[in-house]
Amino acid sequence: MATAWTLPDHPKLPKGKTVAVVVLDGWGEANPDEYNCIHVAQTPVMDSLKNGAPEKWRLVKAHGTAVGLPSDDDMGNSEVGHNALGAGRIFAQGAKLVDSALASGKIYDGEGFNYIKESFENGTLHLIGLLSDGGVHSRLDQVQLLLKGASERGAKRIRVHILTDGRDVLDGSSVGFVETLENDLSQLREKGIDAQIASGGGRMYVTMDRYENDWGVVKRGWDAQVLGEAPHKFKSAVEAVKTLRAVPDTNDQYLPPFVIVDESGNAVGPIVDGDAVVTFNFRADRMVMLAKALEYADFDKFDRVRVPKIRYAGMLQYDGELLLPKRYLVSPPEIERTSGYFDESKEEYVEVPSDSGITFNVKPKMKAVEIAEKARDAILSGKFDQVRVNLPNGDMVGHTGDIEATVVACKAADEAVKIILDAVEQVGGIYLVTADHGNAEDMVKRNKAGKPLLDKSGAIQILTSHTLQPVPVAIGGPGLHPGVKFRSDIETPGLANVAATVMNLHGFEAPADYEPTLIEVADN
Ligand SMILES: O=C(O)[C@@H](CO)OP(=O)(O)O
Ligand SMILES: [Mn+2]
Ligand SMILES: [Mn+2]
């Protein structure tokens, strides 16, 4: 059925104003202290927006159930935050869909599981993914349930290929996750199932690259997982992670690839013809490159050396347009009628490539100025009704855990906002500034009372991850109708309320099933 895209006119707000939607990545609101890099940094532009509270500045939820995650203990992330921003409604996201499918057992009735199950009799089941309870890309408890479910349904030989995290969870937590998994696998072995960890590596250095930034990352994983080859060989994964972490300047995110070998030095779990493979991340962006390597017959991104004939399924389908992978255990959320990409002839996408091969604390300003100048030019061109821009600094530098660098990053993002708002001013436009989730506003792990936690050596525990904090939404600009202000009757809005708000700023009413707009227009 053709979708009707026509929106009703807004009864009071005019059309034709250029609207700039600025999304600050990893920019939440938290108590001002020394671990709040946004507070420590000089951010005069964002500070002045905040002075517009409560009518022109407010907070919205960017985590948990407000963005379709299983619980309010789940921090926000880019995928779910941008989905809520674009969809204007709350759809259950990957994490939640997998939870439901596992709880109901439906995951085992689906086409995807039945497909891989064919290999259980004579082949090995390989599980590849991020070993963590971060809940951004994957969750350990889901892997544990899948191991149990698959072994109860005939998997006799299982190999797990782990990627250590340290980005959504504390650095150093890899050891505990590996110990937990080893314990589960040894229980399976007691039941006569040949189950072991076969390979591993840190997520940012092995396998989980994204946007085709560096295929070398995926190749390192391929060599270990498929070919059974890696520079480091260990008898056990606990030993591997402990030994590799002891090398100065290493961390969970960047552990080098390793394989587990048997008494004779042979890799215990290369992927061979007849095996089944499941990539257990539910989030797509950092698994889709491996999915291509596993599934495509024609593939020229690196030399795969040996391409095993396998039955492969993703936890979810990672790319709905490429239908990749063809088989998957759980169907991804069906998000329709979004305010996102729908007409190539009317939209232009510009990517300013990030520096590659560095950790962003080395260059915390990133390409903020370049990005802001592109946005400025787009606004000044008069060609676009809406210019949407993402400023990555707070998040990408926040993930490094480097507090000083994150302060520099926040200042750079603020300066970029200034360039964009100045352009809005020049064209008589409107701006809406928000963020997709928190990160830079809190760089330390805290106890329930909010006190920073110390590690054994008395140092603070650095928080590299996103947070549970709300994010700001600010509106303004010379084109904003003078009567527009934030409503006070929506008590706990979230990112999903932003889409209807933006539609109003363009002079339209949002579809009835969208989450309500944040603004009202006072008569004057
Ligand atoms: O880097 C990533 O993959 C995630 C954290 O795991 O961050 P974001 O959601 O901001 O992309
Ligand atoms: Mn983000
Ligand atoms: Mn992030």
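First listed ligand is number 1; within each ligand, the first listed atom is number 1.
Ligand 1 has a nitrogen or oxygen under 3.5 angstrom from a nitrogen or oxygen of R203. In terms of polar-atom proximity, R167 is counted as a contact of ligand 1, with an N or O under 3.5 Å from an N or O of the ligand.
For F299 and W222, the ring centers sit 6.0 Å or farther from each other. For H161 and H126, the ring centers sit closer than 6.0 Å to each other.
Ligand-side atoms of ligand 1 in range of N77: 9 (O), range being under 4.0 angstrom from any heavy atom. Counting the atoms of ligand 1 from 1 in the order shown, those under 4.0 Å from a heavy atom of D395 are 10 (O). Atom numbering of ligand 1 starts at 1 in the shown order; those under 4.0 Å from a heavy atom of H466 are 7 (O), 8 (P), 9 (O), 10 (O). Which parts of ligand 1 touch H399 is read off a 4.0 Å heavy-atom cut-off, strictly below it: atoms 5 (C), 7 (O).
Nearest protein heavy-atom neighbour of atom 4 (C) of ligand 1: H137 NE2, 3.8 Å. Here the heavy atom of the protein found nearest to atom 6 (O) of ligand 1 is D168 OD1, 2.6 Å.
The N, O or S atom of D436 with the smallest distance to the Mn ion (ligand 2) is OD2.
Taking 4.0 Å as the cut-off between side-chain N and carboxylate O, D165 and R167 do not count as a salt-bridged pair. E415 and K411 are joined by a salt bridge, as a carboxylate oxygen and a charged side-chain nitrogen come within less than 4.0 angstrom of each other. Between D285 and R210 there is a salt bridge, since a side-chain N of the basic residue sits under 4.0 Å from a carboxylate O of the acidic one.
Of the candidates V278, I162, T279, V226, T279 is the only one forming a side-chain contact (heavy atoms from CB on, under 4.5 Å) with I128.
Taking 4.0 Å as the cut-off, R210 counts as a neighbour of ligand 1 on heavy-atom distance. H437 counts as a contact of ligand 1, since one of its heavy atoms falls under 4.0 Å from the ligand.
Closest non-hydrogen pair, H466 versus M75, comes out as O-SD, 3.5 Å.
Under a 3.5 Å cut-off, the side chain of N36 and the backbone N or O of N31 do form a donor-acceptor pair.
Considering each of S78, G135, G26, the one bringing a non-hydrogen atom nearest atom 8 (P) of ligand 1 is S78.
If you check the side chains of N83 and Q93, you find a donor sitting under 3.5 Å from an acceptor. With no hydrogens or angles considered, no side-chain donor-acceptor pair links T43 and D414 at under 3.5 Å.
Annotation: protein N, O or S atoms under 2.8 Å of the Mn ion (ligand 3) (waters excluded) comprise D395 OD1, D395 OD2, H399 NE2, H466 NE2.
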Apply the test side-chain hydrogen bond (donor to acceptor under 3.5 Å, both in side chains) to residues H137 and N77: give CA-CA distance (whole Å), side-chain angles for both, the deciding distance (0.1 Å), then the verdict.
CA-CA 9 Å; H137 294 271; N77 68 70; over 6 Å; no
side-chain hydrogen bond (donor to acceptor under 3.5 Å, both in side chains) evaluation trace for H437 with S78
CA-CA 7 Å; H437 52 78; S78 297; 3.2 Å; yes
